[in-house]
Every structure is written in C-alpha cells, then in structure tokens.
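Below: one structure, written as structure tokens.
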Amino acid sequence: MDIKKRIKNLLFFHEPQMEKPFILKEDSSSDGRDNSDIEKNKEGSRKKKNEDLLLLKKLEKIKLTDKKEGSDKEEKPDISKQLSENKRVIEERFSIPLNGDLIIRKFDITVKDSVIAAFLIFFDGLVDTKVINDDILQPLMLLSNLDIKSDGENILNYIRSHILPHNQLKEARTHQEVIDEVYFGGCGLYIDGLDTAFTADVKEFPSRSVERPNTELVIRGPQEGFTESLRSNTGLIRKRLMDQKLITENIIIGKRSRTPCSIMYLKDIANDSLVAEVRRRLKSIEVDHIMDTGELEQFIEDNPSLPIPQIMATERPDRVCTMLTEGRVAIVMHGSPFALVVPITSSDIMYSAEDQYLRFPYSNMLRIIRILALLMSLLLPGIFLAITNYHHEMIPTDLLLAILSAREKVPFPSVVEVFLMEISFELIREAGIRIPGPIGPTLGIIGALILGQAAVEANIVSPILIIVVAVTGLGSFAIPNFSAGFAFRILRFGFIILAAISGFLGITVGLVLIGLWMVNAKSFGVPFVSPVAPRTSGGFSDAVFKSPVWKQEKRPDYMNAKRGRKQPHISRRWIKRDVESNKPDSEDNNG
Amino acid sequence: MAKGKLLVIFLMLAIICPVMTSCFDAKEVDDMGFVIALGLDKGKTNALRMTLQIAKPMAGENGGGGGKDDLPYAQFSVEAPSIFSGLNMINTSASKQISLTHIKVVVFSSELAREGLGPYLHAMVRGREFRPNMPIVVARNSAEEYLESVDPKLVVNATKYYELVYQSYKYTGLIPKVEFHDFYLSSESLCKNPVAILGNTAKFQSVEEFDLKDSTYLEHGRSEPFEGDFYAGDIPALGGSRSENIGLAVFDGDRMVGELDGTNTTLHLLCTGDFVHSYWNIPDPLSEGHYVLLDIKQSRKPRHHVEIVEGKPVIHLTFNLEGDLLSVQSTIDYEAGDNSMILESAVESYIIDQLLQYLDKTVNEFQSDICGFGTHARGLFTTWAEWEAYQWKSKYKEATFTVDVNFKVRRPGLILRSKSSVTSESGSDTQ
C-alpha cells in the first residue's frame, strides 16, 4: 500500500505548497515602510504591494524575534560579585582542570590600601603574552600601588580609566560574553566585588601572513589573498574599500563552535532586504560546529541540488570590494580564507578579477575564450560521441576518414573509450592534488603524457579522442570559478551518457533541462540567469561583454541597489574643454 | 519536494530518450564503409551495373610507399535490379556496412541517361542518405571506366579530388554547375530542364595519338581549337587524372538528349547566371590573326525578360560583364581610351554572336530549355492551370532571342601601355 502511494505521489501532479521564497525587489529599499506607503499611492497594482507589505512585515517580525532572542541571551547578567563563585563557574564551563591550555592567573590588586583578589583567564597559544604581561598584569599589580589622585568610589571605572592601559577593553556582564572573547583570543579579567568582568583583546593567533591567492591568480591586479583570521580579512577589505558606509556586522554561527563571522556591505548601496535576508539566513543556522565558508555556503544556498554554485567564494579582497560596490553582500568567516559574496548570477562565474583591471578589448577577448572553454568543457566529448555514433554525415569526409582510421584498431565502442579517458583524466587531476609537494604537477603532466601516448600505442584509445579529452580538460580549467569547473565536469558526464543514448537529441534534451534548471534557480532572491532571463537593462551586452570602465555607469539592475548609478553619464570630465581639471565635484557622482 | 522533482527529472530523461529515438541505431564510424563515388551503368545480366568506390581509411596513413594496390579506396562492381538491392549485394562481400552519407559524386553512363534516369532519381531523392548537393556526372562511355580512370596514384585523397574537381566551373567555366537536388527538381519541372556534367576517360595515351578530329572548333568557325572546343575525353592532354570533365549533357526531363562542348558550357553558365570568371580568347578587332586574352567576370547577374508574342516566347537577355586584359598578342595599345572602346564593342558583338549560336542550338537541336527561361515566363500567367496548359517545354522550340551585352575593360593588368618589343632592326625605324 505504502509503495503504491509513493508511486502515486511520484507520478501525479501536486499543487506545490506555496512557501513564498525570498525575492529581491526594487521597492523594499532603505526605509521600507515609508517608501512602500508612498509608492502604494503612486502606482502599481494593489495586490502586489500588499504582498510586498506582507513580506516586509514578515521580515520585521523575524527581525524582532531575532532581537528578542539576542536580548534574552545578552542582557541577563550572571556574573556574581563573589570572585570564588565566578571562578567556580568559569572552571566548570572550561572543564578545569581537564582543559590544559586554559590559563587562570590569580593575583591581587592593591587599590587604596585595600587588596582585591582577581584572576585572569586566557588560552595559551591564542594570545600575545607580552601584551598581557605589559598592559594588563603589570599595571594591575604594580601601578595600582602608585599614588591615587581621585576618590575611588567606583573601582570599575577607576580600573578602566586609570589602571588598564590596554587599547581594547570591554566590559562584560555575562560569562558567555567573556567566554566568547576568550575563545576568540581575548583574556577575561574577574575582580572580586564586581559583577562585571573585563575582556581585553590580546589575540595573536598562530596564522599565516597575507599571501598570494591560490586559486584566482591574475597577472594585472593586486596579489593579496585572504588568510584564516577574520579580522585580518575584514581589514584587507577595509584597507581597499575606504568607504565610510562600509558596514561590518558581527554574527556568531554554530551553537558550540561559536565561529565569528562578519557580514559586510555598503549601507547606502546594498538593498536592505538583501542584507536582512543574509542576516536572517545566517542567524537561523542551527548547527553545532562550523569550520569553513565552504560549509556555510551549503547552509545558505538557495538550490542545493543545482550543480552550478550560486554563491561566489573568493580568495581575493579586491574582488570582494568590487562586488560590494555593486551592492552585494559579503560574508567573511573566521578560519576560512574564502569570503562568500551574494547574490551572484550565472555570468558572474565566468568573470575573473582581472577583467576589471584589463583594458576592455582584452577582457572581452578573454570572456569569449572562456565561453568557448565552458562549451567545450561541457559538450565536446558528448558532441564527439554523437557525431561518431549517430551523425556521420555532419562532418567533412576527410575528418570522418581520419576519425575512422584512428578508431580502426580500437577494440572498445567509443562510449567506453570516452569514459575511460575522462575517468583517467579525473584521476590524474585528483592524484596531482594529493601527491605531496613539488612532484605533484610534474607527475600529473608526465602521467597524462605517458598515459595518453601509451594508450594510443596500445590501441586502447584513438588519438583523436586524446585530443578531445585534453581540450575538454583545458576548457574546464579555463573556467575561472573553481566550483563551476567542478559543476561542468560533472554535467559533462551526463552529456556523454545522453549523447551515447540518443546523439544530438540527447544533448538537446540535456541542454533544455539544464536551461530550465538554471532559469528556475535563484541566488538570494536574484534569478540566476538574470541579465538575460529575465532580461534587464544592459542585458546581453553586460552579461557577456564588458564595456570600458568609464562607460560602466550603472550597477547591475538585478541587484536593485539603492543607488543605481555608479558614475554620471560623462565620467571622464576632461573630455569637455570647459571643465577645469582640479575642480572636485563630488555631487554628481553621488547623484 | 526537491527530491521528488529530481526524481521526476531523471524519470523524464530516462523515458524521453529511448522513446524518441533508439540507441540501437548508433553505429560506430569504423563499422561503416563510406561510399565516395557511385557509378551506374546498364548491366549485362541485370538492369544496372553499379560501381562503388569505398574509402579506405588506412590508406595514406603510412605515407607513400606501396604500389598499385595502395589505392585510397576499394572499388566494387555489382549487377543489380536497383540501387538499394545493389547495396545489399555488395554488403555480402564487403565487411563493413555501406553508408552513402558521404557520397561525393554519382556518375551515370550516357547509355543509361539516354533511356531516362527517372527511376534512379526517385530512389535517390527518397533515400535520405544521398546528399542533395552532390554533383551529377554523365560519362560518355561507361561510368565504371570513368571512375576507374580517377588515377589514385596521382590523387592522394580521392574525396578531396571529387570535392574540388566539380567546383572548377567557378574558374574555368567549362563544366556546368550541377547539384543533385536541382537536377531532380528540374527534371520534374514544367519550366526547366536539367543538365549534367559531361565526363569521360581521356582517349589519348601518348602524344603520338593526339588528333583534333573530335574537336568542335570548325563548328565554332575557328581555324584552331580553343580550350573549350572539346567534349570530355577528347582533349589532347596527358598526365594527371585520366578522367576528364568538360562540357555538359543536355536533358529533356529525365532523358539525355545531347551534349554540349566546353565553349557552349561557358555560355550556358552565362545564361543561368552561375558564371563566375574564366579566360576568353577574343579575336583581335584591329589585327587579323591575333587574339586578345581577357579574364571575364560577371559583374551582375544576367537579366531575363520573357514575353509571349502570338503564343511564342520572345526572350530578351541582358548581360553585364567586365574583364581584365591578360594578354594582347598584337601589342596594340588597348589600354588607351579609343582603342579600349573598340575592344569593348568587339567583345560585346563576339559574345552576342556566340550566345545566339548557343541559344539557337538549345532551341533547334535539343529543343530543351536548359537555362530555365521558363521560370521567368511563369509570371506572365495568372493561374497555374493556364501555365500548365501553355506547355512551356514544348513551346520552347519556337522561342526567339534578343541579346544585349555590356562589357567593360576594368584593368589592364600590370602593363599600363602595350608596346611592341624593340629589335635591332625596328629600333632605328621608330626613332
């Protein structure tokens, strides 16, 4: 019975349960309610507006509940005035004495003849001990003995304003705050008689320095890549994008790992509903541990089954900055050298950071090459199979005879041949990454060469197929986005099977299905094939080709940024003779 | 939900593909034998004698070497009642399945063509393996012999040979432009008759055998033959492939009714508008016995104007040609203004003369509208029934022509002024 029901469920049509997905709309901008109220009077169908309002209300509800939850957690001080009580709590929370690397340093502060007990907690290895010694312990233990000028009514204020010279001192009212800080490389200071603890940022993680990015190499352009620590990453972005409106919101993900993350956006450019949606998705994640943006990406993406990535993961701060200026939102996570940028469209995965820095004819040529690479990577083996198995009449006779004579001695059907070579190519690629050290790439090349050569000599595959597979492999690596390269490699196998089953018909069916799949997909409310379908202004020309920098006047339409224009119609003002060169005119730019 | 969707997608994939087509018509290339040329003769024991050239893929692989057996193709002959049964019979001995998808040329013997090609044409149109753009050749003797004479020792790549040799109308003008599809349509048409390329095996084996008895130069009123004054196989030439293609076979419907030599073929191309360019010898208007060599191009397609006067077709033709001087044997200064006018009008009248002779031949000798003037006449009738009733093909023999040629000399080549060469005797005279 159950099986019968299941089959029935599979085969018959179901009214889809309408759970309204997030759609990035134009009018839900900065002060959403005011705007929509005005616009409601102005124009537009009432129904649509109502929907928008509903959506907004929903969003606000979510915001409110978020706040409530947050305030519940934060604003319930649980630090006791008894130092011993605090110490007990801390020891319990950190599982002392099981935990070996947590240091609890007990000491006394002498203030105005009274001796106050205190203790300091921090993790060995996460902090700069010299800073603790010089800026925290030393002043507390020694300087407090100095002559005190003011009347010490409030020890808390006194300590903060006079004794501790450390630059990042925060007061914490809950143990959790202290613990979060301690895990993030701070130290916590409990003082007897105070129901407030101090946290000081003294972190010095063992981390690597800023290096060249590994995946997105460019020739022309900055050579910095993200590292594994959050603050240096946000710092790299801020260093490059010195915009007053650049906001870095902190957020903690993971119930146990409590991994700090930052949401970055330009406040007066990024669409508010987009920022709210990013915030909502991040906050809603219920997970114990989260380690990398690679995991985070999977938690927040819209279509987990779509092979093509819908979130940009990049190692390049400059790339993040460029995308932020277009009104996108970046997510940086502690411990991950990849920042996530949302939303993206299908054309973004074909762009490289270099495109923006190169003169436009060069970058356009590169883009055409990349599109070719994509098509080859996706379709070439499939087309080869379709032609050699079904459509002999489609190729020039000489080429056909060349293929024919190459295949003459091969014992396998061409499908087996293609699979054999594709799989060994993937093997070489995977092995090349796993093989340690400098022999990796060398072995990869040698493996490919020798394997190919020997396979041809042994008449196991035809030489033309080696060319096909090699060109396909090259094509897949010319796709600038790492994940997209994977996606197309997987889809390629699908196309090989389809082509083997039914030639060009199969390939066409595959293309239609992938097209449907992609058109159906959204990335944070933005249709995935956006500038093309739905067609927005700029459309095809912007999606495929790049206009010169001085002509890129508008932000992408589908981003629905608060400011659509990046630069005025004439941004190279020197071409007008009457404009003085050194007369700054910032008003136009912001218009 | 998403899982269900995915499943549905895969189900769709799984169902659609095998249902719409079938994987079992997949054939590996190396399981197929690709016919590059098909020859049809009248059979001794059966209706047809088929000659097939099947490309041999391994040929040429090891580069050169090998004697006569290292042909780029294998030739099969079989006698069969029809084309497709012949294919079946060949498949009994050939190891690979015969595929006609890459056929480059179909050759009919003139014997067969004179009986009518209708049944074969229908089979070829119906069979979707035949390419619509392959040329049709009529071999004056036998198709088998013609195909054999494509000497593989000199033609390394037989398919390339076939692909290129029938395109030579573009620069020689000595063969017509023939594509199978047009050929078939014209043979069924009310207003047009098809032509085919005339081919044959060269009859001369050595220089001693050369003679001009089959040349048509006398017919054209010349004292010596020009390049086009031959039928296929009669050219006094040696070397290269022994198969010759020059001239055209005139058809009436699906039946061959006659042959035209190379010169008339050039004129035929002019009339149909397929002429691209070729070299012409024009008698020098100012110096008897000399020729002016011109590279003549069609600057615009010819204009056809058809009238029906008292039930008879009257056809006006206007040609726009231009040419480059290639050689002036008499060293008369045809580059200069007046002389060039003289030359131009001489060329015009020469071409008009030739064209009228050619058109006269189609009307009186063959009574076959191979230039397709009927397509321009159709518009004169208000209904299709009237057009059918008029019976253009039978009225064509009453057609009269007026021909107008505009010819301009465009470039004198690299010599800007012709001058006679200076010898020791003439030198003192001129100075």
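Every chain is numbered from 1 and lettered A, B, ... according to where its sequence line falls, protein lines coming before strand lines. What you see is a predicted model; the values in this text were computed from it and never measured.
We find the OG-CG distance between S405(A) and D30(B) to be 10.0 Å, quoted to the nearest 0.5 Å. Taken to the nearest 0.5 Å, the CD atom of E408(A) stands 11.5 Å off from the NZ atom of K56(B). The structure places CD1 of I9(B) at 8.0 Å from CG of L516(A), a figure rounded to the nearest 0.5 Å.
No side-chain heavy atom of K27(B) sits under 4.5 Å from any side-chain heavy atom of Y390(A). Looking at heavy atoms from C-beta onward, E393(A) lies out of side-chain contact with E129(B) at the 4.5 angstrom threshold.
Only the backbone of P396(A) comes within contact range of chain B, with heavy atoms under 4.5 Å apart. Proximity to chain B involves both the backbone and the side chain of L401(A), based on heavy atoms less than 4.5 angstrom apart.
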Contacts table for residues 484-497 of chain A: side-chain donor-acceptor under 3.5 angstrom, sequence neighbours left out:
unit_1: R489(A); atom_1: NE; unit_2: E426(A); atom_2: OE1; d: 3.4
unit_1: R489(A); atom_1: NE; unit_2: E426(A); atom_2: OE2; d: 3.4
unit_1: R489(A); atom_1: NH1; unit_2: S476(A); atom_2: OG; d: 3.1
unit_1: R492(A); atom_1: NE; unit_2: S377(A); atom_2: O; d: 2.8
unit_1: R492(A); atom_1: NH1; unit_2: E422(A); atom_2: OE1; d: 2.5

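In this model, a donor atom of one side chain and an acceptor atom of the other lie less than 3.5 Å apart for H102(B) and T397(A).
Applying the side-chain contact (heavy atoms from CB on, under 4.5 Å) test to V78(B) and every residue at least two apart in sequence or in another chain returns M50(B), M89(B), I90(B).
Other residues, nucleotides and ligands place more than 12 heavy atoms under 6.0 Å from the NE2 atom of H391(A).
Taking a cutoff of 4.0 Å between a charged side-chain nitrogen and a carboxylate oxygen, E28(B) and R407(A) qualify as a salt bridge.
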